[in-house]
Asks: 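What follows is a structure written as structure tokens; I'll ask about it next.
Here is the naming used below: chain letters follow the sequence lines, and residue numbers restart at 1 for every chain.
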Amino acid sequence: MNKIRVRFAPSPTGVLHIGSVRTALFNWLFARHNDGKFLLRIEDTDKLRSTEENTRSIFEILRWLEIDWDEEPVIQSGNIERHKAVAEELVTKGKAYYCYCSPEELAAKKEEALKAGKSYKYDGKCRGCSEKIAGTNPVIRLKAENEGKTTVNDMVQGEVTIDNSQMDDLVLLRSDETPTYMLSVVVDDHDMGVTHVIRGDDHLTNTFRQIQIYRACNWDVPKFGHIPLIYGPDGTKLSKRHGAASAQDYKMLGYLPEAISNYLLRLGWSHGDDEIITRKQAIDWFDFDNVGRSPSRFDMAKLQNLNAHYMRERDNRSLLDYLRPFLHSELSAEQERCILAGMDSLKERAKTILELVDAAQVYVGAPQTYDDACLKYATPQHMKLLDEVVTIVNSVQSLDEQDLCNRVKELAKDHGIKLVEIAQAIRGALCGHLVSPSVFEIMAILGREKTLERLNAYIRHYQK
RNA sequence: GUCUCCUUCGUCUAGGGGUCUAGGACACCGCCCUUUCACGGCGACAACACGGGUUCAAAUCCCGUAGGAGACGCCA
């Protein structure tokens, strides 16, 4: 029995689109589920737009998402001679031919066809040319079958049939003797022993062209699975202008890889009512029967929700390591101690690492400014209360969250006011704004010295 | 324009002829918890695109219509 072999074949002409990441994930899950191989191929034949840096970032982001590959990645540009040889062989076998039509000539015909309201298709003028005339630069075109119909049994889309009269004599080899994408994919997929081609929906119609190449070469045609594209909230293809479209973008926005994976998996695939799905479950459950055929829209709010979930699930130490690169400076041992101590409460309030970074500022340093909202808790009466809080902080033996809470509650009671009045004033002093974990927890973590500094600074600031 | 695909709550989806007065999740709204914000708990709102068939019975099958998307390169 032949083992399943799938591949992910990005072109390094930019960063990885989030839709490509999903394609990679589906390929990977399919391979792992079936105990097959997941291969990588870098389609760098567009030399002008492909860069080393993009290739590196693709590897990096896949590793980050824990999508590992099984064999040495294939670099497509290394196979150009092979592609060329295949094209020439097809000419000798009478399956392809040299075409001497100039681009201008073709453009004119195309325009004419368009004007007449007809769809353009190469007219096959050079179909008889099996010889290469010395000193010329013809392209090689495939002699497409245009009788009958071709049906693909797609793993996602089901049976798709096209009339072969639609088929075009596509270019296999350009006039500069470089292979076209159509030729390269087919040859490489064949040479790599790819059994299942899983890719974006946008390739569905290309599939029929590629099948023709497989047939001309007399090669086994792999199975195909075309997964629907991901759209933005407005229903058009997700792109940069929707805010973030690449995996890198989401990484920088502070999303965890496991959240992105989980979200992408559920976008277009389902397993009953399950929403939170571990890697292991994903591998166990993944199959193409449950991949939807309709395109889906990217929903940032749901991603955030999942991210919040996975942040709460992460242990505090790993979260601390995670937020380091987002910080402006190195953390001191003391700052680390505080953040770690307060992490349980911090992570519960953050949906992204970026938000966690903001929330952690309480433990990085004293507030530089105070939000206007603090004004509400900066009246002379509040200052008097804070003076008493200072007294409490000075008088207790050590700062304990529960103990502080009890004492301040007592204080509120004595003054006949609600706890919130004092708590918010303290919060303003500690954080510079009015949203944070428990102020008593913060005081206990910060310790007496820093707590007093911040309380006094606040009092001084508003007493002027 | 031609070809191909798609169409269940705002969004992601469950559903594969009767168990659907259509289930879950996110978002939104309300309540509870509460020192703020979150978390958590409870609840509300909310969908089978439309029109024809087939059938005792259709969200589920068939055919149209409309809308959306993708492909039509010597880009990948």
Side-chain angles (χ1 to χ4, degrees), chain A residues 9-11 13 43-46 48-50 76 99 101 103 106-107 110 113-121 137-141 154 156-158 160-163 165-166 168 170-182 184-185 200-209 226 228-229 231 233 235-237 263 266-276 290 292-306 308 312 345-351 359 373 377 405 408-409 412 418-428 431 433-440:
Chain A
S11 59
T13 51
E43 306 209 324
D44 60 340
T45 49
D46 184 346
L48 282 177
R49 295 190 296 147
S50 300
Q76 188 160 63
C99 172
C101 298
L106 297 175
K110 189 171 180 176
L114 234 57
K115 218 182 278 174
K118 285 191 273 187
S119 72
Y120 169 75
K121 197 181 125 177
N137 298 304
V139 300
I140 292 180
R141 282 183 188 273
D154 194 272
V156 178
Q157 308 293 340
V160 183
T161 302
I162 198 173
D163 206 302
S165 63
Q166 299 294 321
D168 202 353
L170 67 267
V171 173
L172 297 172
L173 202 69
R174 300 186 190 105
S175 53
D176 65 357
E177 301 203 306
T178 59
T180 60
Y181 164 76
M182 291 295 168
S184 301
V185 222
D201 215 352
D202 47 344
H203 287 289
L204 186 57
T205 44
N206 283 337
T207 304
F208 295 93
R209 287 174 235 286
H226 289 92
L229 266 22
Y231 298 118
T236 65
K237 208 167 169 175
Y263 177 70
R266 276 290 289 107
L267 205 59
W269 177 86
S270 60
H271 184 266
D273 285 341
D274 295 304
E275 296 288 346
I276 304 293
N290 291 313
R293 303 180 184 203
S294 54
S296 36
R297 298 180 185 207
F298 198 90
D299 182 13
M300 192 77 102
K302 189 138 184 176
L303 207 213
Q304 279 198 355
N305 177 272
L306 277 169
R312 273 174 260 139
S345 306
L346 293 175
K347 70 183 179 187
E348 202 164 84
R349 291 167 169 75
K351 286 188 160 62
Y377 300 99
C405 183
V408 174
K409 271 181 178 163
K418 290 194 168 174
L419 178 59
V420 62
E421 292 296 325
I422 309 182
Q424 286 298 65
I426 298 174
R427 198 174 327 266
C431 314
H433 53 256
L434 300 181
V435 173
S436 81
S438 157
V439 291
F440 308 113

Asks: When we call it a touch if two heavy atoms are under 4.0 Å apart, what does Thr45(A) touch: a base, just sugar-phosphate, or nothing?
Replies: sugar-phosphate

Asks: Can you check the distance between rG53(B) and rA76(B), where both ends of the measurement are the C1' atom (answer in whole Å)?
Replies: 45 Å

Asks: Select base, sugar-phosphate, or nothing to describe what Pro437(A) touches, counting heavy atoms under 4.0 Å on all strands.
Replies: base

Asks: Please report the distance separating the C1' of rA71(B) from the corresponding atom of rC39(B), rounded so that it comes out in whole Å.
Replies: 48 Å

Asks: Looking at Glu275(A) and Arg266(A), does any basic side-chain N land under 4.0 Å from a carboxylate oxygen?
Replies: yes

Asks: Please compare Leu303(A) and Phe208(A) by the position of their nearest nucleotide in RNA chain B and report the one closer to 5'.
Replies: Phe208(A)

Asks: Between protein and nucleotides 5-11 of chain B, map the contacts as a letter string: B base, S sugar-phosphate only, - none, heavy atoms under 4.0 Å, written 5' to 3'.
Replies: SSS---S

Asks: Counting side-chain heavy atoms from CB outward, which of rG24(B), rU13(B), rA76(B) is closest to Asp273(A)?
Replies: rG24(B)

Asks: Does the ring centre of Phe208(A) sit less than 6.0 Å away from the ring centre of His203(A)?
Replies: no

Asks: Could you identify the nucleotide paired to rG17(B), looking across every strand shown and requiring Watson-Crick or G-U wobble geometry with both distances under 3.5 Å?
Replies: none

Asks: How many Å lie between CG on Leu346(A) and C1' on rU36(B), as a whole number?
Replies: 14 Å

Asks: Give Gly268(A) one of three labels, base, sugar-phosphate or nothing, depending on what nucleic acid heavy atoms sit under 4.0 Å from its own.
Replies: sugar-phosphate

Asks: Indicate, with a heavy-atom threshold strictly under 4.0 Å, whether Glu348(A) touches base, sugar-phosphate, or nothing.
Replies: base

Asks: Cys431(A) near the nucleic acid: base, sugar-phosphate alone, or nothing, with a heavy-atom cut-off under 4.0 Å?
Replies: nothing

Asks: Would you kindly say whether Asp201(A) and His226(A) are connected by a side-chain donor-acceptor distance under 3.5 Å?
Replies: no

Asks: According to the Watson-Crick and G-U wobble definitions, with both distances under 3.5 Å, which nucleotide is paired to rA59(B)?
Replies: none

Asks: Side-chain N or O of Arg312(A) less than 4.0 angstrom from OP1 or OP2 on rG40(B)?
Replies: yes

Asks: Mapping Ala350(A) and Gln166(A) onto RNA chain B by nearest heavy atom, which one lands closer to the 5' end?
Replies: Gln166(A)

Asks: Nearest to the side chain of Val171(A), heavy atoms from C-beta on, is which of rC74(B), rA76(B), rA14(B)?
Replies: rC74(B)

Asks: Between rU35(B) and Arg427(A), counting only base atoms on the nucleotide and side-chain atoms on the residue, is there a donor-acceptor pair under 3.5 Å?
Replies: yes

Asks: Would you mind classifying the nucleic acid contact of Val439(A) as base, sugar-phosphate or nothing, using non-hydrogen atoms under 4.0 angstrom?
Replies: base

Asks: Of the nucleotides rC37(B), rC3(B), rC12(B), which has the atom closest to the Ile162(A) side chain?
Replies: rC3(B)

Asks: Categorize His203(A) for me: base, sugar-phosphate, or nothing, with a 4.0 angstrom heavy-atom threshold over every strand shown.
Replies: base

Asks: With C1' as the reference atom in both, quote the distance from rC28(B) to rC9(B) in angstrom, rounded to an integer.
Replies: 12 Å

Asks: With heavy atoms under 4.0 Å as the rule, sort Val420(A) into base, sugar-phosphate or nothing.
Replies: sugar-phosphate

Asks: Just checking Ser270(A): base, sugar-phosphate only, or nothing, at a heavy-atom cut-off of under 4.0 Å?
Replies: sugar-phosphate

Asks: Within the side chain of Arg293(A), is there an N or O that forms a donor-acceptor pair under 3.5 Å with the backbone of Gln157(A)?
Replies: yes

Asks: Give the rounded distance in Å between these two atoms: CD of Gln424(A) and P of rU34(B).
Replies: 16 Å

Asks: Using atom C1' in both nucleotides, what's the gap between rC6(B) and rU13(B) to the nearest angstrom?
Replies: 15 Å

Asks: What is the distance from CG of Asp46(A) to C1' of rC74(B), rounded to the nearest Å?
Replies: 12 Å

Asks: Give one of base, sugar-phosphate or nothing for Ser11(A), where a contact means two heavy atoms less than 4.0 Å apart.
Replies: sugar-phosphate

Asks: Measure CD1/Ile426(A) against P/rU35(B) and give the value in whole Å, please.
Replies: 13 Å

Asks: What interatomic distance, in whole Å, is found between C1' of rC26(B) and the corresponding atom of rA59(B)?
Replies: 23 Å

Asks: Taking rC74(B) as the reference, what is the distance to rC12(B) when you measure between their P atoms (whole Å, please)?
Replies: 36 Å

Asks: Donor-acceptor pair, distance only, cut-off 3.5 Å: does the side chain of Thr180(A) make one with the backbone of Val171(A)?
Replies: yes

Asks: Under a 3.5 Å limit for both distances, which nucleotide forms a Watson-Crick or G-U wobble pair with rU65(B), could you say?
Replies: rA49(B)

Asks: Just checking Asn206(A): base, sugar-phosphate only, or nothing, at a heavy-atom cut-off of under 4.0 Å?
Replies: base

Asks: Take the protein atom NE2 of His271(A) and the nucleotide atom P of rG16(B), then report the distance between them rounded to whole Å.
Replies: 15 Å

Asks: Touch check for Lys418(A), heavy atoms < 4.0 angstrom, all strands: base, sugar-phosphate only, or nothing?
Replies: nothing

Asks: Donor-acceptor pair, Asp168(A) side chain versus Leu170(A) backbone, under 3.5 Å?
Replies: no

Asks: Under the 3.5 angstrom rule, does the side chain of Arg427(A) hit a backbone N or O of Pro437(A) as a donor-acceptor pair?
Replies: yes

Asks: Less than 4.5 Å apart, side chain to side chain, heavy atoms only: is that true for Leu173(A) and Thr178(A)?
Replies: no

Asks: Hey, is the main chain of Gly272(A) close enough, under 3.5 Å, to the side chain of Ser270(A) for a donor-acceptor pair?
Replies: no

Asks: Say you pick atom P in rC50(B) and the same atom in rU60(B); how far apart are they, in whole Å?
Replies: 10 Å

Asks: Does rA25(B) have OP1 or OP2 under 4.0 Å away from a side-chain N or O of Asn305(A)?
Replies: no

Asks: Do Tyr263(A) side-chain atoms and Asp299(A) backbone N/O form a donor-acceptor pair below 3.5 Å?
Replies: yes

Asks: Under a 3.5 Å cut-off for both contacts, is rG1(B) paired Watson-Crick or G-U wobble with anything, and if yes, with which nucleotide?
Replies: rC72(B)

Asks: If I pick the C1' atom on rG52(B) and the same atom on rA58(B), what distance separates them, to the nearest angstrom?
Replies: 14 Å

